[in-house]
Number of protein chains: 2
Amino acid sequence: MTEHDRTSAATLHDVAREAGVSLATASRAINGSTRNVKESNRTLVLDAARRLGYAANASAQAVARGTTTTVALLVGDVTDPYFSSIASGVVSAATERALIVAMSQTERDSQREVDLVRAMRGQRARAIILAASRRANDPHADELQRELEAYEANGGRAVFISTPSEDFRAVPIDNSGGARKLAAALLERGYRSPAVLAGPSLVGTSDEPSAKAADRLGGPAGLRTSDDRLSGFAECFAAAGHAIPSRRIISTAFTRDGGYEGMQQLIASGLDDLDMVFAVNDVMAVGAMSALRDAGIEPGRDLAVAGFDDIPTLRDVTPRLTTVQLPLTEVGHRALSLAIDDDAADAEVVEAEVVIRESTPQR
Amino acid sequence: MTEHDRTSAATLHDVAREAGVSLATASRAINGSTRNVKESNRTLVLDAARRLGYAANASAQAVARGTTTTVALLVGDVTDPYFSSIASGVVSAATERALIVAMSQTERDSQREVDLVRAMRGQRARAIILAASRRANDPHADELQRELEAYEANGGRAVFISTPSEDFRAVPIDNSGGARKLAAALLERGYRSPAVLAGPSLVGTSDEPSAKAADRLGGPAGLRTSDDRLSGFAECFAAAGHAIPSRRIISTAFTRDGGYEGMQQLIASGLDDLDMVFAVNDVMAVGAMSALRDAGIEPGRDLAVAGFDDIPTLRDVTPRLTTVQLPLTEVGHRALSLAIDDDAADAEVVEAEVVIRESTPQR
DNA sequence: CGGTCTTTGGAAAACGCTTACCGTGAGTGT
DNA sequence: ACACTCACGGTAAGCGTTTTCCAAAGACCG
């Protein structure tokens, strides 16, 4: 007895034998089902389990119960603070509920995203949370849609972050409203001639930016999040009589390097009367500031900069960046709740708050 | 036929029936075992599978095969760029091998870490990668050790990141060597009176810091990584005749806020002849720089600062931070390889390279 | 003290796969 | 034309659980 030197893990069978009870009793004692088991037997089983270092085989439980304890999380790139903040929220909310989160990176490739969804369908994940960015004109959108529909038809739950969806649950974020509020605040501070560093986009006021985007990215692709932020911002300025000329809307990658390169482009084409730059997310803004600095232009003092998201990194960046705050960890929590809890409040839009900091001084 | 409106997912059985072949044939056709199946049958099965939207139940495969495709990754906090960079490496290496990574956060709580290891043992993860920080004097160290031993006894593989381990695989990082090299470089640049912002530590030259650490953290706890970096750094300075007085070694949390608070402490106690501050990791260094700035002291110009890790964030921080570079994504790759590949080259120490930047100008 | 509930234990049938084993028919060499 | 491989299909026995169903044993009542 208490033979520890087996080469494969102890099974419930072993525990039952060691405790001198039946398989059924052991099962009931260990997971506390509806059925009671006599106290003496329960401790017998529990002790045996401890002695054998028993850990129930989750896969076997999954097939027997017909349900797993896994939640899938798809992000674009964990290294990006936007995603890692969301991921952190998802993971901790999952841990509270004794769920495992299986995380994957789409690496911003929508084909890969489809593959990953299929893989998670195979895992019979209880839910799939898609934090990776949605494109307006995605060549694989249909395939993804079909995959997710099949997934939900079998009892899974898909949850999108940021982009509202007609067909699936979502934690919608008020991107355009946030951008509008930011624009209003900047107008009030005296800014009149902004440029925008947008992600790959289709929304540009002329065709130029989207054509460029299509060119750079091997196909037409507009990031919904970026589009919404761009249009909210641009509309507000336009409404105030300061329409943003299309050459001031740069389409670039939705990343730090994208921001850096976009800013370089802007500098190369001449700054003229430009008085500020709005990058549609913080990592881009931060990249843009570096590009400015590398060109001998002091961000904030010589040219104002603003971002979107309020990622934690910003606390340590100079000048402090004006941005639109999003409760990212909270978004992760809500996504998980929406994915798992049956009574989860539906789809309340996440409000975004403008935070004015040093990078956009009063003019 | 092609009945899609079932409420639970299509099974292999359904596929076999739809294709008009036996279960065994369907299984063989879909996963391509050693056995061949006639081309005509294969396409029959594959088509049926596509029609039904079949995705093999990973749990059932796991119990049948006796092995899963899951790898567990335990990090302290995904939000920390050190961890997220490693995580990114692990996840992408896993995806290449068609493995799923289940990620959890220990939230720097070692009890939780033990619980998570137990949970992953239940998942029958193929490997457990522990990137969360090791403590010298961990109250749960024994329990963790037992848990991991049980895990390995049943064919699992545990891999530690950073801290070499006698009992388990590891991707060891040359923390003390890196710190030593950094110290040498700084000596050469004319620095003579450094302070160190260490993580919770036991190694301080007097008892003072560790006592403080014990106090703050509710028990004696020395982070191995921090200890190694501190001692490498301190030894090198001491050898050059510039021993670091114990009041100049601050024990604080291993986080950005820890760095911030540690720096505040240092400022409060008077800077005197202090000419530089070494924070044992970059996030602490970045926090420290913010604390300096908030106190009206310009990091780099008024007081030099150096860190350790070379996290991606640093590209956008001013002044550019001198640090010790670690190939974090690569570390993630190696950890996964060590965990999975049978022929994985064993435990070569990861070298750390000093990178001098603006934050430590020549004196 | 017999009868009726209520509690508890155990045997065995699922769950959705993989795979060892057996059987069949076609191809080969003589 | 014969035995002999060989390639491939199918049957059924697992894998480690949960859970249904039945039986036995008390508890309670009059």
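All figures in this text were calculated on a predicted structure; none of them were measured in a lab. Quick note on labels: first sequence line is chain A, next is B, and so on, each numbered from 1.
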Inset, instruction - Could you check which of dG16(C), dG9(D), dC15(C) has an atom nearest any side-chain atom of V63(A)? - result: dC15(C)
Inset, instruction - Would you confirm whether T95(B), through its side chain, and V91(B), through its main-chain N or O, come within 3.5 Å as a donor-acceptor pair? - result: yes
Inset, instruction - Round to a whole Å and report the spacing from CZ of R42(A) to P of dT7(C). - result: 15 Å
Inset, instruction - Verify the contact: side-chain N or O of N36(B) to OP1 or OP2 of dC8(D), cut-off strictly under 4.0 Å; return yes or no. - result: yes
Legend entry - S22(A) side chain near dG10(C) phosphate (N/O to OP1/OP2, under 4.0 Å): yes
Legend entry - Spacing of H13(B) atom NE2 relative to dA14(C) atom P, expressed in whole Å: 13 Å
Inset, instruction - Verify the contact: side-chain N or O of N57(B) to OP1 or OP2 of dC15(C), cut-off strictly under 4.0 Å; return yes or no. - result: no
Legend entry - d(CG, L23(B); C1', dA13(D)) in whole Å: 13 Å
Inset, instruction - Let me know which of R118(B), R108(B), R134(B) forms a salt bridge (Lys or Arg N to Asp or Glu O under 4.0 Å) with E113(B). - result: R134(B)
Legend entry - Between dC17(C) (P) and L52(B) (CG): distance, integer Å: 12 Å
Legend entry - Any T25(A) side-chain nitrogen or oxygen under 4.0 Å from OP1 or OP2 of dG9(C): no
Inset, instruction - For residues I340(B) and V71(B), determine if any side-chain heavy atom of one lies less than 4.5 Å from a side-chain heavy atom of the other. - result: yes
Legend entry - Out of dT18(C), dC17(C), dG9(D), whichever nucleotide has its closest atom nearest the side chain of R65(B): dT18(C)
Legend entry - Value in whole Å for how far the P atom of dG16(C) lies from CD of Q61(A): 16 Å
Legend entry - K38(A) NZ to dG10(C) P, straight-line distance once rounded to whole Å: 9 Å
Legend entry - Exam field: side chain R334(A) to backbone E348(A), donor-acceptor pair closer than 3.5 Å: yes
Under 3.5 Å, N/O pairs linking protein and nucleotides 20-28 of chain C:
residue : atom : partner : partner atom : Å
dC21(C) : N4   : R35(B)  : NH1          : 3.2

Inset, instruction - Write down the distance between CD1 (I30(B)) and C1' (dC17(C)), rounded to a whole number of angstrom. - result: 11 Å
Inset, instruction - Check whether any side-chain N or O of S27(B) sits under 4.0 Å from OP1 or OP2 of dC17(C), and answer yes or no. - result: no
Legend entry - Passing option when V15(B) is tested against V45(B), L23(B), L46(B) for side chain to side chain contact (heavy atoms under 4.5 Å, CB included): V45(B)
Inset, instruction - By nearest nucleotide on DNA chain D, pick out whichever of N41(B) and A60(B) is the more 5' one. - result: N41(B)
Inset, instruction - Using whole Å, report how far CZ of R121(B) lies from P of dG16(D). - result: 15 Å
Inset, instruction - Only one of L144(B), L148(B), D138(B), T106(B) passes side chain to side chain contact (heavy atoms under 4.5 Å, CB included) with V114(B); say which it is. - result: L144(B)
Inset, instruction - Answer yes or no: is there an ion pair linking R157(B) with E152(B), defined by an N-O contact shorter than 4.0 Å? - result: no
